[in-house]
Amino acid sequence: MFLRKTAALTACMLALSSPVWALEGHTYDFGQPASAAKASRSVEVVMGDMSFTPKTIDIKAGETVRFVLVNKGQLLHEFNLGDAAMHARHQQQMLQMQQSGMLTPTGVKAMDHGAMGHDMKHDDPNSVLVEPGKTAELTWTFNKATNLEFACNIPGHYQAGMVGKLTVSQ
Ligand SMILES: [Cu+2]
C-alpha cells in the first residue's frame with residue numbers, strides 16, 4: 001500500500017514537471033475507467049457556470065456508473081473524479097495549460113511543444129472536459145468504499161464552487 005502510494009505520487013510529480021500530463025499506466029486506487037456498456041446505471045450531472053447539479057452522488061463499491069455530463073454554462077468545464085489532494089495537483093496542471101495558451105475560456109487547443117516534440121494533451125482517464133452547450137460521458141468502476149469529490153479543476157472553478165461529494169459505500 002505504502003509502495004503503491006509512493007509510486008503514484010512520483011508519477012504525479014513527474015507529470016507536473018513534464019509537458020506530457022498523461023503518463024502511460026497511471027492507475028487509481030479507487031477504481032478504473034470502464035466502457036459505457038458495462039455500466040449498471042447512469043447519473044446525469046448538469047454543469048453550470050461554477051456549479052454542479054446534483055452536488056452529492058452516492059455509489060456502492062463494485063458499481064460501474066456512467067456519468068452523463070451536460071454543460072449548460074457559457075464556459076468550458078471539467079468533470080474529474082478524485083480526492084481533494086488529486087484535485088489540488090490537477091489544478092496546478094490546468095494552470096500550466098492555461099498559461100501556455102492551450103486552455104481557453106471555452107475550449108482546449110492541441111499544442112505542439114516545438115523542440116520538445118511533445119504534444120500537450122488533457123486526457124487523464126478520470127477526467128473529461130466538456131465545452132459549453134455540449135454533453136460528454138465518463139464511465140467508471142468504483143472498487144472500494146471511499147470518500148471522493150467530483151470537481152472542475154479549471155483555474156478558479158473549484159474555488160468558486162465547482163466541487164461535489166461522491167461517497168462510495170460498502
Ligand atoms: Cu468549471
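We number each residue from 1, following the sequence as shown. Atoms within each ligand, like the ligands themselves, are counted from 1 in listed order.
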Participant: Please name the atom of H157, restricted to N, O or S, that is closest to the Cu ion (ligand 1).
Facilitator: ND1
Participant: Within M47, is some N, O or S atom less than 2.8 Å away from the Cu ion (ligand 1)?
Facilitator: no
Participant: Between Q93, Q92, H87, R89, which is the residue that forms a side-chain hydrogen bond (donor to acceptor under 3.5 Å, both in side chains) with N153?
Facilitator: H87
Participant: Report the angle formed at the Cu ion (ligand 1) by atom SD of M162 and atom ND1 of H77, rounding to the nearest 10°.
Facilitator: 80°
Participant: Go through the side-chain N and O atoms of H157 and Q91 and say whether any donor and acceptor fall under 3.5 Å apart.
Facilitator: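 Distance-only check fails for H157 and Q91.
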Participant: Is K72 paired with D49 through a side-chain N to carboxylate O contact shorter than 4.0 Å?
Facilitator: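 Salt bridge: no.
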Participant: Determine, for R66 against E137, whether the closest basic-nitrogen to carboxylate-oxygen distance falls under 4.0 angstrom.
Facilitator: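 Judged by the 4.0 Å cut-off on N to carboxylate O distance, R66 and E137 do form a salt bridge.
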